[in-house]
S.K.: 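The structure follows.
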Amino acid sequence: MSSAETEAAADFVAPGAARDWRGLRRALPLGLLLAVAFVIVPLAGTDYWFNAILIPFLIMALAGLGLNLLMGYAGQASLGTGAFMATGAYATYNLLLRLPDIPLPISLVLGGLIAGAVGVVVGLPSLRIKGFYLLASTLAAQFLLEWIFNQYGWFSNYSTSSSISAPKLAILGQDLSSPVGRYLMTLTAVVAIAAVAARLVKSQTGRAWSAVRDMDTAAAVIGVPVARSKLSAFFVGAAVCGVAGALWAFAYLGTVDARSFGLDRSFQVMFIIIVGGMGSIAGNFIGSAFIVLLPILLSQVSDRLFGGTVDAGQLANLQRIAFGALIIWFLIKEPAGLAALAERGWRRLRPSGTAGPERGSRPGNTGKIF
Amino acid sequence: MAAAPFLEVDDIEATYEDVILALRGVSLRVEEGAIVALLGANGAGKTTTLKAISNLLASERGALTRGSVIWKGRSTARLDPAELVARGIVQVLEGRRVFPQLTVEENLLTGGYLRRPSRAEVGNDLARIYTWFPRLKEKRRIRAGLTSGGEQQMIAIGRALMTRPTLVLLDEPSMGLAPIIVQEIFEIIRTLNEDEGVSFLLAEQNAALVLRYADHAYVLETGRLAAAGTAADLAAQGVEALYLGDAPGAAAATSSSAQQF
Amino acid sequence: DDAKQQYFPLATFRVGAYASSGIPVWAGTIDYLRYINEVEGGINGVKLFWDECETEWAVEKGVECYERVKGGKNGSPVPIFLPHGDPITKALTEKSVADKIPLVTIAHGRTEAIDGRVFPYSFPAVFTFWSEASSAINFIAERAGGKDKLKGLKIATVYHDSPYGKETQTPLALLAKTYGFEDIQIPVPHPGNDQSAQWARIRQLKPDWVFLRGWGVMTPVAIKTAAKVGFPVDRIIGGVWSGSEEDVRPAGKVGKGYLAITPFPAGADFEILKKIKEHIVDKGKSDLKDLKSFGSVYYNSGVNEAIIAVEAIRTAQKKFGARPINGEEGQWGLENLNLDDARLKEIGAYGLQQPLKLSVRDHEGGGAGKVLQWDGEAWAIVSDGWVKSDRELLLPLIYERAAAYAKEKRITPRPDPTSN
Amino acid sequence: MAFLIETLIGGLLSGVMYALVAIGFVLIYKASGVFNFAQGAMVLCAALTFVTLRDQGLAFWFAALVTLAIMVVLAIAVERVVLRPLMNQSQITLFMATLGLSFVIEGMSQLVMGASVHELDLGIVDTPVEVGPILVSQFDLVAAAAAGILVLALSVFFNVTRIGISLRAIADDPQAALSIGIRLQRLWRIVWGVAGFVALVAGLLWGSRQGVQFSLTFVVLKALPVLIIGGFTSIAGAIVGGLIVGAADALAEIYVGPLLGGSVSTWFVYVLAVAFLLIRPAGLFGERAIERV
Amino acid sequence: MSASSAGPILELRDVSLSFKGVKALNALSFAVARGEICALIGPNGAGKSSLLNIINGVYRADEGEVVFDGAPFRRIRPLEAARRGIGRTFQHNALFKRLSVIDNVLAGLTRHSRTTLVEHAFGLPRDLAESRALRARAEDIIEHLELTPHRGTVVSTLPYGVQKRVDLARALVGRPSLLLLDEPMAGMNQDEKRQMSRFVTEANAVLGATVVLIEHDIGVVMDLSHHVVVLDYGRKVGDGTPRQVRNDPDVIAAYLGTVH
Ligand SMILES: Nc1ncnc2c1ncn2[C@@H]1O[C@H](COP(=O)(O)OP(=O)(O)OP(=O)(O)O)[C@@H](O)[C@H]1O
Ligand SMILES: Nc1ncnc2c1ncn2[C@@H]1O[C@H](COP(=O)(O)OP(=O)(O)OP(=O)(O)O)[C@@H](O)[C@H]1O
Ligand SMILES: [Mg+2]
Ligand SMILES: [Mg+2]
């Protein structure tokens with residue numbers, strides 16, 4: 001695990017002595033963040049924070065990452081996220097159930113790979129279809145897979161409610177079923193996968209994805225294997241979503257049925273990447289924070305402010321309105337996502353980074369995938 | 001030169017996304033019936049100036065933050081682009097922005113709608129465009145997105161002329177056109193100018209060419225006015241020198257206040 | 001001084017897709033709690049106080065609410081939690097064991113959680129879906145003139161194609177085998193706003209009865225579509241979640257005659273409702289904005305749930321003293337809850353709530369429903385009192401499933417203290 | 001055989017109801033390239049407003065007019081607050097904005113008009129008509145007729161060439177449209193207003209079928225395959241797509257479902273739609289994407 | 001059929017292409033000799049871009065065949081064309097606009113990459129070695145085309161002229177044996193055109209790429225090319241040295257007019 005991390009850090013540090021320092025300066029905040037997440041938070045966090053906030057936040061960020069690889073980097077719009085997550089969850093469940101000797105991390109990875117394979121099949125139409133048509137066509141997979149898991153009892157080991165539930169979570173005899181344990185397990189998975197993803201998007205594969213996204217005809221002409229790139233994006237994206245799904249089922253809720261991974265979930269994940277920023281790894285975390293935390297914040301704030309004086313139902317409606325309005329507002333403020341906004345703020349704080357007039361985030365060029 | 005100002009741009013400053021300062025105090029005038037050239041290197045702010053005049057900045061998250069644009073004695077600040085077209089200013093956007101899904105003829109027709117012309121009028125106008133660009137007549141039923149680069153440029157120009165403007169803002173009209181067409185376009189410009197009194201503000205890279213047709217010229221450099229004068233004068237000075245910014249007579253456009261960063 | 005009062009958090013759903021049922025449900029609960037506080041001065045003097053937490057009926061929000069409130073408030077613990085929804089219940093099942101907070105899920109939740117040895121903190125009290133199915137069949141038998149008359153009947157179940165909808169397939173198959181009726185299962189996909197194909201099939205198969213296990217908009221559309229194909233509406237029996245005013249009213253005139261089985265009989269004539277009306281509603285203290293819903297199925301279900309919670313706390317107080325009760329004590333209270341007719345009459349819930357006796361082996365306790373018929377304006381009770389289910393027939397199968405669950409989860413069932 | 005025909009007719013008639021919702025999408029997509037997810041919320045909003053007004057005792061036509069006025073106000077607000085600031089943004093951003101919009105509209109509707117379920121009675125008798133052995137629903141016939149009229153009217157509206165071409169121009173390139181004097185904002189308002197009207201019609205028909213309640217917003221899910229099959233930009237496509245989806249859905253439910261042991265209609269038409277797409281990547285009548293290098 | 005280094009690198013034999021019955025190319029034949037710069041000129045819509053599209057597989061010829069490096073084809077996939085060594089720049093900007101200059105150029109090297117997804121994901125040694133090698137090649141070209149100051153900039157934020165240069169770099173980095181350039185100098189001022197001409201000459205002379213160039217600036221064409229082919233309405237109306245073509249009255253009438 002930690003090796004993957006240093007890999008990621010190493011990736012930030014471009015070769016060349018002059019850049020070493022810059023790389024370090026970029027890696028330092030990240031290292032601090034990880035230290036806090038791995039050491040301080042487990043010591044300081046409460047059950048509520050783990051169970052209700054941090055774990056879902058991390059998992060949704062991971063799902064966002066999966067979709068972002070597919071949609072933000074490779075430009076293949078998909079609403080099949082829920083289905084990929086479900087596949088990962090059900091696959092992992094069956095692996096744990098039927099091959100109990102395989103250690104948990106391996107089952108998770110295998111579950112992800114199975115989801116990736118399903119993703120490839122779902123992605124086949126992308127070789128012919130684009131844009132909203134592709135988006136709408138991924139709904140076929142979304143509904144079909146949801147139905148299959150719900151319909152055929154084998155997938156849920158014939159449980160009465162076709163739901164699956166987590167077996168005991170343990171790695172190397174370490175019990176992970178406490179909130180802290182589940183948090184650490186989730187965090188580890190998320191960090192490891194994010195590190196790999198960060199590598200991947202900077203590699204030849206990632207470049208091929210972006211090339212296909214930005215201009216697929218040109219990509220083909222200069223020698224990028226377009227079909228293979230699209231499918232590999234579906235594979236990786238779905239695999240990451242699959243792991244997120246498995247974590248959702250086992251590390252967060254404990255028990256789920258296929259409806260937990262319905263269309264709403266797909267939309268939610270899409271929100272995350274749009275609000276956070278397409279084509280940005282950090283954006284997934286920002287977006288996830290927005291989507292997962294904002295409603296909680298809104299409800300707590302409004303309870304504090306108006307609790308008891310305003311009718312509870314009306315309050316809830318107002319929150320819904322506020323949530324929708326905030327989404328629109330952020331899209332208007334920064335169509336390239338909060339990650340871009342954050343980056344701009346960051347640069348403004350450190351004027352050394354800003355160099356003259358530049359078309360940095362020229363609209364229409366950013367985030368335009370179709 | 002003391003005639004009532006036709007188009008007067010006074011000390012404008014324009015930004016994109018509230019932070020990128022693209023114009024810093026540009027002033028220029030177009031007299032009625034004149035052809036004025038706007039020169040400058042890539043990124044100098046030619047396009048931005050034209051968009052500031054036609055009020056198209058808002059659609060690109062840009063804004064005029066200072067100065068004013070006066071069209072026939074009235075400020076254009078509150079007019080939306082369609083209103084400006086109705087009052088005679090039309091812009092041909094840079095980079096052949098045709099409507100790809102519409103046929104060539106439909107593209108041209110869209111230019112006429114604002115005037116609510118009769119069928120006969122439309123027919124006449126179309127015929128006029130087709131005599132200028134016979135190539136378009138052949139392609140009239142093809143979807144514009146499929147036509148060649150030069151054909152698209154012709155469509156964009158033809159479409160703008162369909163609005164029967166009194167002032168045309170042309171952004172890089174010669175780009176990608178065959179020499180003979182470029183020549184024709186400039187001849188058309190001259191004809192329209194002489195016969196119908198249409199004025200032009202032309203942003204061009206090909207300085208030698210445009211100065212041959214223009215009366216007046218302005219040179220922009222990184223958002224500031226670097227030089228101005230009659231076309232003949234500027235041509236004589238050598239435009240190349242102007243681009244480097246060390247030209248004499250650089251306008252006093254130095255009020256580079258309001259740093260937005 | 002909150003610590004001297006009883007905390008009772010409410011995970012409401014007043015917006016979103018299920019708001020129309022959530023609003024009256026929570027009004028019923030809150031009105032009853034207010035009644036207890038204001039008229040009875042609390043439970044043995046211990047007043048109740050509560051927070052609301054909006055879930056929109058979504059799992060994550062439900063979990064968040066639960067986590068937010070489970071630690072109690074200002075020193076007052078949580079005695080019982082009402083998750084109100086299948087998915088949320090599932091997500092909380094294991095957490096509740098760890099946290100020792102009993103979940104009461106009336107007319108939803110896992111059926112096998114009846115077995116408190118395996119599911120110590122889950123209480124699918126009063127009426128599980130298996131009981132619902134069995135009671136519906138027994139009502140049909142009642143109409144047909146005896147269980148022996150079931151033989152040869154065709155009974156079609158039109159169900160919401162989801163885990164919830166499928167839950168009754170097993171008991172119905174068993175009942176069909178036992179009584180010799182023909183069991184036809186017809187799924188309707190979510191949300192169920194178009195059922196022409198399903199009802200075309202009904203028209204073709206000509207069943208004697210239709211058991212409608214709908215959800216949300218599926219019910220009115222089913223009733224309307226039934227009318228369209230000419231299937232008699234008084235031969236359709238809705239399940240619990242197809243049996244509220246909200247379910248029938250949108251169907252309009254054609255809904256007249258429609259039947260539904262429910263543990264929450266509608267009506268405002270029950271003693272306790274009269275009292276609530278007098279002391280709460282008429283004084284403008286009701287949580288209901290639309291008073292039309294007073295005495296509706298959903299409102300009464302809210303009252304019903306509150307009664308069980310309050311009575312369980314009261315029972316626990318008998319053992320632990322008149323003070324705020326925590327989850328573990330709440331579990332004891334629930335498992336020793338005994339609402340017989342006498343007690344029901346005392347609290348004015350006779351007829352509204354069925355006699356109920358919970359135990360470690362039996363977290364359901366009741367298992368009977370009343371059948372209502374829609375007269376176009378309101379529900380009327382048409383069954384002979386409570387229609388019981390064949391619990392003896394179903395329980396062995398339920399225990400078997402609970403045992404299988406225990407095995408899969410490697411849970412050692414807790415011993416039943418009453419059985420030795 | 002009679003059963004088959006009956007199922008088919010039932011399916012086709014339902015298909016028209018789906019088409020009705022799909023048309024709302026097509027209108028807006030045609031005019032701005034925006035895939036308007038808030039269409040479902042608009043259906044709910046229209047129906048809820050209408051029913052609430054009716055419950056207040058307003059006459060049918062009056063209630064309909066007031067509702068329409070409200071939908072127009074909504075259209076103007078949307079243009080001003082959402083579309084204009086987001087002009088020139090990517091379609092997916094706009095799509096997300098309409099998702100945000102749907103939260104706002106749903107929240108507003110329920111805030112003002114409550115969440116309770118209403119019956120909506122349009123006074124259409126729905127005793128089944130028997131044609132030989134085949135049963136046909138009167139209500140569905142009326143709905144189909146309404147949809148038919150609407151489609152005709154809209155086709156005429158869009159074929160008033162000026163508006164039609166202008167709208168397509170806007171969808172292609174809003175800035176270029178502005179630059180030649182197309183009154184973009186006004187047209188957007190008109191189109192969103194018309195979409196509001198379509199939402200009202202769809203809301204009334206769907207509302208009287210299933211009651212006016214939150215789940216009205218879900219009808220969009222059935223409209224999507226209609227759009228895919230017909231093409232996002234074609235009103236005629238919406239009708240044809242609707243018929244195909246309706247018929248396929250009904251037949252699959254009867255003949256495919258039992259084979260697979262469950263209800264297949266959540267996904268069947270979607271899979272069918274993908275099959276269509278593989279043959280025609282922009283639907284039956286959609287405009288093909290243009291890519292030239 | 002071995003690639004004879006003596007024969008023409010590219011030969012078109014009676015190539016025709018039509019769209020909905022409209023002939024864009026009409027029985028077109030000509031040859032491009034190995035190592036030359038061949039300019040393709042003609043009025044707008046003459047079919048120049050379409051011709052390039054056929055050569056590298058974006059369009060499929062209706063009739064006739066293309067012989068590249070001794071191997072004839074009627075239809076080739078763009079990917080296959082790239083693999084065989086046909087590089088290309090575009091008339092309308094077709095850069096990967098959200099990528100930086102270096103990434104755009106690196107994307108042009110995809111066909112030289114031999115590593116797999118897994119190696120990329122985990123940064124296995126082979127990937128590290130390869131990306132170092134590819135990066136060096138890319139940096140080389142970037143320096144060569146004087147793009148170093150822009151190497152990390154996102155291309156959509158660059159001036160048009162620089163973007164055109166990036167497009168050239170992306171095509172050149174893969175070391176194509178045939179380089180198709182579609183109006184590489186449109187929208188540039190005189191200075192930039194001169195610079196670009198130099199790069200094209202160097203690509204041809206130093207890197208040894210045969211160049212097919214579409215250009216409307218006749219001065220540039222005269223300076224740069226060894227061989228000019230003139231198209232009009234999909235037909236060949238001229239084929240010869242720049243001088244011959246320039247003085248051809250047909251060409252003057254159809255294309256040049258009097259402004260040069
Ligand atoms: N939409 C935009 N968002 C942000 N910055 C922009 C935008 N459009 C232009 N700019 C910036 O404004 C400045 C002026 O650009 P403008 O397009 O007006 O130049 P130009 O003279 O027309 O150049 P060219 O010859 O390349 O067309 C440039 O620095 C450019 O980066
Ligand atoms: N995909 C297509 N569909 C329909 N027509 C096309 C297509 N591609 C090209 N054409 C037509 O073929 C003709 C030749 O186009 P091409 O782009 O090759 O011209 P060109 O010589 O490159 O012109 P320019 O100098 O203006 O770029 C044009 O008239 C164009 O309309
Ligand atoms: Mg410009
Ligand atoms: Mg061309």
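Worth saying up front: this structure is predicted, and the values here are computed from it rather than measured. Throughout, protein chains are lettered first and strands after them, A, B, ... in sequence-line order, and every chain is numbered starting at 1.
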S.K.: Output the residues of residues 127-141 of chain B for which the shortest heavy-atom distance to chain E is under 4.5 Å, in residue-number order; output 'none' if no such residue exists.
M.R.: B:Arg135, B:Glu138, B:Lys139

S.K.: At under 4.5 Å between heavy atoms, what parts of residues 170-177 of chain B are in contact with chain E? List them by residue number.
M.R.: B:Glu172, B:Met175, B:Gly176, B:Leu177

S.K.: For B:Gln205 and E:Met188, work out which heavy atoms get closest and say how close.
M.R.: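 Closest approach of B:Gln205 to E:Met188: CB-O, 4.0 Å.
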
S.K.: Do you know which two heavy atoms are closest between B:Ser148 and E:Asn44, and how far apart they sit?
M.R.: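 Nearest heavy atoms, B:Ser148 then E:Asn44: OG-C, 3.9 Å.
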
S.K.: Given that the side chain runs from C-beta out, which part of E:Glu192 has a heavy atom under 4.5 Å from chain B: side chain, backbone, both or neither?
M.R.: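 Side chain of E:Glu192 only, per the 4.5 Å heavy-atom cut-off to chain B.
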
S.K.: Chain B heavy atoms under 4.5 Å from E:Ala24: which part of the residue, side chain, backbone, both or neither?
M.R.: neither

S.K.: Using every non-hydrogen atom in the two residues, find where B:Ala178 and E:Pro43 come nearest and quote the distance to one decimal.
M.R.: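 The pair with the smallest heavy-atom distance is CB-CA, 4.0 Å.
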
S.K.: Not counting sequence neighbours, list each pair that qualifies as a side-chain hydrogen bond (donor to acceptor under 3.5 Å, both in side chains) and has a residue in residues 20-32 of chain E.
M.R.: E:Asp14-E:Ser29

S.K.: So which part of E:Val162 gets closer than 4.5 Å to some heavy atom of chain B, the side chain, the backbone, both or neither?
M.R.: neither

S.K.: So which part of B:Gln153 gets closer than 4.5 Å to some heavy atom of chain E, the side chain, the backbone, both or neither?
M.R.: neither

S.K.: Report the residues that fulfil salt bridge (charged side-chain N to carboxylate O under 4.0 Å, His left out) with E:Asp217, sequence neighbours left out, ordered by chain and then residue number.
M.R.: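 E:Lys193.
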
S.K.: Locate the shortest heavy-atom distance separating E:His216 from B:Pro179; write the atom from each residue and the value.
M.R.: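 It is O-CG, 3.3 Å.
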
S.K.: More than 12 non-hydrogen atoms from neighbouring residues, nucleotides or ligands closer than 6.0 Å to CD on E:Glu143, yes or no?
M.R.: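 It does not: E:Glu143 CD has 12 such atoms or fewer within range.
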
